[in-house]
Amino acid sequence: FLGGTLVLVALPALLSAGLAFTAYDALGPPVWTGFANLRFVLADPLTRIAVGNTIWFVALAVPLRVLGALLLALLLNRERRGVGAYRSAVYLPTIIPDAAYALVWLWVFNPVFGPVNGVLGWLGLPTPGWVADEGTARYPFLVMSLFQVGEGFLILLAGGRR
């Protein structure tokens, strides 16, 4: 286990950290640049936006996913008729390939013919552009992440077994 972790995690992390201080295009040998790459990234105005979006996402998505997984594990912990189907339904989005999952959510949040905007329009509410509009682009990603509670649900469900 330790050897596999070293080979598959620690070694690539160290090599990546070393390459961060070089100019490397994968065709020629790496050229040492020191902190030039870091200065370049920090000077980019998009870095501040990306860091802010990441902090916003982590501050909301992580607690909501843990809370959702905990509530579902508590709800589906007791053996009842049909509980296996519900457990499977909670875990199913976790095993869907990411590309297929992304395509489904792109359809769901499509501003023209997606079901979310269809329901909002039917209710007489505004229909935003979701991922096409920078003001609302964060929210579909948060919703998408909340449907990925399967792993945490499974761990909490297993931990609740006696």
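The figures here come from the full heavy-atom set of this structure, side chains too, leaving out hydrogens, waters and symmetry mates.
More than 12 non-hydrogen atoms from other residues, nucleotides or ligands lie less than 6.0 angstrom from CH2 of Trp32. When the shell of 6.0 Å around CZ of Phe40 is examined, it contains 12 or fewer heavy atoms from other residues, nucleotides or ligands. Around atom CG of Asp98, no more than 12 heavy atoms belonging to other residues, nucleotides or ligands sit under 6.0 Å away. Surrounding CZ of Arg48 are at most 12 heavy atoms belonging to other residues, nucleotides or ligands under 6.0 Å away. Annotation: Phe147, atom CZ; neighbour count of heavy atoms from other residues, nucleotides and ligands within 6.0 Å does not exceed 12.
Residues Pro29 and Tyr24 come closest through the heavy atom pair C-CD1, 4.2 Å. Considering every non-hydrogen atom in both Ala73 and Leu156, the closest pair reads CB-CB, 3.8 Å. The heavy-atom pair separating Ala137 from Pro140 by the smallest distance is O-CD, 3.4 Å.
Note: the hydrophobic cluster containing Val149 also contains Leu75 (ILVMFWY, side chain heavy atoms under 4.5 Å, direct or indirect links). By the criterion of side-chain heavy atoms lying less than 4.5 angstrom apart, applied directly or through intervening Ile, Leu, Val, Met, Phe, Trp or Tyr residues, Val9 is not grouped with Leu2; the two fall into different hydrophobic clusters. Transitive grouping of hydrophobic side chains (ILVMFWY, heavy atoms separated by less than 4.5 Å) keeps Ile49 and Leu38 in distinct clusters. Under a hydrophobic clustering in which Ile, Leu, Val, Met, Phe, Trp and Tyr are joined whenever their side-chain heavy atoms come within less than 4.5 Å, directly or via other members, Val131 and Val108 fall into the same cluster. Hydrophobic clustering, with ILVMFWY side chains joined whenever heavy atoms are under 4.5 angstrom apart, groups Trp122 together with Val116.
A donor-acceptor pair under 3.5 Å links the side-chain atoms of Thr33 to the main chain of Phe21, judged by distance alone. In this structure, Arg65 contributes its side chain and Gln148 its backbone to a donor-acceptor pair below 3.5 Å.
For the atom pair CG of Asp133 and OH of Tyr139, the computed distance is 10.5 Å after rounding to the nearest 0.5 Å. One finds the CD1 atom of Ile96 at 11.5 Å from the CG atom of Leu103 (value rounded to the nearest 0.5 Å). Thr94 OG1 to Leu154 CG: the interatomic distance, rounded to the nearest 0.5 Å, is 8.5 Å. Expressed to the nearest 0.5 Å, how far CG of Leu76 lies from CZ of Phe153 amounts to 4.5 Å. Distance OG/Ser145 to CG/Leu64: 7.5 Å, rounded to 0.5 Å.
A heavy-atom distance below 4.5 Å is found between the side chains of Asn77 and Leu157. Looking only at side-chain heavy atoms (C-beta outward), Val143 and Phe109 come within less than 4.5 Å of each other. No side-chain heavy atom of Asn37 sits under 4.5 Å from any side-chain heavy atom of Val41.
In this structure, Tyr101 and Trp105 have perpendicular ring planes: the angle between them is above 60°, well past the 30° mark.
For the pairing with Trp130, the side-chain hydrogen bond (donor to acceptor under 3.5 Å, both in side chains) check across Asn117, Thr136, Asn110 returns one residue only, Asn117.
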